[in-house]
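I have placed the structure first, in the form of structure tokens, so that the comments after it can refer back to it.
Throughout, residue positions are numbered sequentially from 1 according to the sequence presented.
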Amino acid sequence: PLVSVDYLFLSPKGVILRGESQNRWEEPPDGCICVLAGMCSATQALFAFAVPRKGVDADGYAARSLADNVTWLGHSRVAVRSDNEPAIVKLDESATNLLKLEGVDVTVEGSVPYDPQSNGAADSAVKRVKGSVRALQLGLENDLRSRVPFGHPVLTWLVEHVTDIISKYAVGVDGKTGYERLFGRPVREEGLEFGETLH
């Protein structure tokens with residue numbers, strides 16, 4: 001199975017800054033949240049999480065989170081693909097070392113230079129994450145009847161929640177969800193709207 005990963009930046013106005021111009025940024029631009037998104041080719045399961053910066057951070061959070069998400073997919077052998085940007089290559093190598101310690105046979109491969117389709121699964125993950133984050137953010141703000149300040153921790157939680165929802169409930173052309181392809185059964189938990197109060 002192939003796990004494709006890429007970065008995106010969420011900005012306060014809901015505009016997602018992405019593409020060649022973002023390659024010069026290691027730290028997120030002022031007021032933006034840096035997110036790593038990924039998709040598994042075998043199951044179409046998504047994952048995404050906010051990171052402090054591109055590449056490997058001081059406490060190893062990004063590498064550990066990437067390794068944990070790949071482990072969650074349950075593959076004993078896997079390939080991780082990203083573009084050839086130095087920051088994400090370093091992150092892939094760091095996560096690979098952690099995965100190998102857990103007994104996962106993992107290889108890292110870069111996308112084909114000058115061929116944007118060679119990492120198309122990551123592009124698809126980025127588009128699905130950005131659209132869903134914006135929709136759920138607007139829904140939360142509507143329920144609260146207030147704006148959520150950009151940079152509030154709830155937005156970083158929202159990023160992870162979005163991919164959880166997509167993987168568990170978005171049905172593919174085969175009639176199955178990513179979760180169902182992964183675990184062989186549909187999800188059996190009751191879902192709540194993001195930000196809902198539970199007593």
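In this structure, the side chains of K54 and C34 come closer than 4.5 Å at one or more pairs of heavy atoms. Contact of the V126 side chain with the Y7 side chain is not registered, since no non-hydrogen atoms from C-beta on lie closer than 4.5 Å. Within the 4.5 Å cutoff, no side-chain heavy atoms of L73 are placed close to those of V78. The shortest distance between side-chain heavy atoms of P52 and Y61 falls below 4.5 Å.
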Donor-acceptor contacts, no H, no angles, side chain residues 87-100, under 3.5 Å, sequence neighbours left out:
{"unit_1": "D92", "atom_1": "OD2", "unit_2": "S82", "atom_2": "OG", "d": "2.6"}
{"unit_1": "T96", "atom_1": "OG1", "unit_2": "D92", "atom_2": "O", "d": "2.6"}
{"unit_1": "N97", "atom_1": "ND2", "unit_2": "E93", "atom_2": "O", "d": "3.4"}

What side-chain donor-acceptor pairs closer than 3.5 Å can you find for residues 164-172, not counting sequence neighbours?
{"unit_1": "D164", "atom_1": "OD1", "unit_2": "K168", "atom_2": "NZ", "d": "3.2"}
{"unit_1": "D164", "atom_1": "OD2", "unit_2": "K168", "atom_2": "NZ", "d": "3.3"}
{"unit_1": "S167", "atom_1": "OG", "unit_2": "L46", "atom_2": "N", "d": "2.8"}
{"unit_1": "S167", "atom_1": "OG", "unit_2": "L46", "atom_2": "O", "d": "3.1"}
{"unit_1": "S167", "atom_1": "OG", "unit_2": "T163", "atom_2": "O", "d": "3.1"}
{"unit_1": "K168", "atom_1": "NZ", "unit_2": "E189", "atom_2": "OE1", "d": "3.4"}
{"unit_1": "K168", "atom_1": "NZ", "unit_2": "E189", "atom_2": "OE2", "d": "2.8"}
{"unit_1": "Y169", "atom_1": "OH", "unit_2": "E189", "atom_2": "O", "d": "3.4"}

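Qualifying salt bridge (Lys or Arg N to Asp or Glu O under 4.0 Å) partners for E160, counting only residues two or more places apart in sequence or in other chains: none. By the side chain to side chain contact (heavy atoms under 4.5 Å, CB included) test, L140 is found to be paired with L144, V148, V154, F194, residues two or more places apart in sequence or in another chain being considered. Residues meeting the salt bridge (Lys or Arg N to Asp or Glu O under 4.0 Å) test with D105, sequence neighbours left out: R77. The salt bridge (Lys or Arg N to Asp or Glu O under 4.0 Å) check on D174 picks up R181, with sequence neighbours excluded. Looking at residues two or more places apart in sequence or on another chain, you find no ring-ring contact (aromatic ring centres under 6.0 Å, His included) involving F49. For N142, there are no side chain to side chain contact (heavy atoms under 4.5 Å, CB included) partners, not counting sequence neighbours. Annotation: ring-ring contact (aromatic ring centres under 6.0 Å, His included) contacts of H75 (sequence neighbours excluded): none.
Under a hydrophobic-cluster definition in which Ile, Leu, Val, Met, Phe, Trp and Tyr are linked whenever side-chain heavy atoms come within less than 4.5 Å, directly or via other members, V5 and V108 are assigned to different clusters. Using a 4.5 Å cut-off between side-chain heavy atoms of Ile, Leu, Val, Met, Phe, Trp and Tyr, with links allowed through other members, L8 and W157 fall into the same hydrophobic cluster.
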Evaluate side-chain contact (heavy atoms from CB on, under 4.5 Å) for F47 paired with V3, printing each intermediate quantity in order.
-> CA-CA 10 Å; F47 61 84; V3 177; 3.8 Å; yes

Chi angles and distances behind the side-chain contact (heavy atoms from CB on, under 4.5 Å) call for E109, V80 = CA-CA 6 Å; E109 56 184 64; V80 177; over 6 Å; no

Evaluation steps, side-chain contact (heavy atoms from CB on, under 4.5 Å), between L10 and V35 | CA-CA 8 Å; L10 302 174; V35 174; 4.0 Å; yes

Take D6 and D123 through the test side-chain contact (heavy atoms from CB on, under 4.5 Å) and record every step on the way to the result.
-> CA-CA 7 Å; D6 201 0; D123 288 339; 4.0 Å; yes

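Considering OG of S146 and CD of E141, their distance stands at 7.5 Å, rounded to 0.5 Å. Within the model, atoms OG of S4 and CE of M39 stand 8.5 Å from one another, a figure rounded to the nearest 0.5 Å.
Closest approach of R188 and R185 over heavy atoms only: NH1-CD, 3.0 Å.
Sorted by first and then second residue, the pairs that involve residues 62-71 and meet side-chain hydrogen bond (donor to acceptor under 3.5 Å, both in side chains), not counting sequence neighbours, are R64-D68, R64-E102, T71-E102.
Considering V133, T156, L136 as possible partners of H161, the one that fulfils the side-chain contact (heavy atoms from CB on, under 4.5 Å) test is L136.
Side-chain atoms of D57 come within 3.5 Å of backbone N or O of A62 as a donor-acceptor pair.
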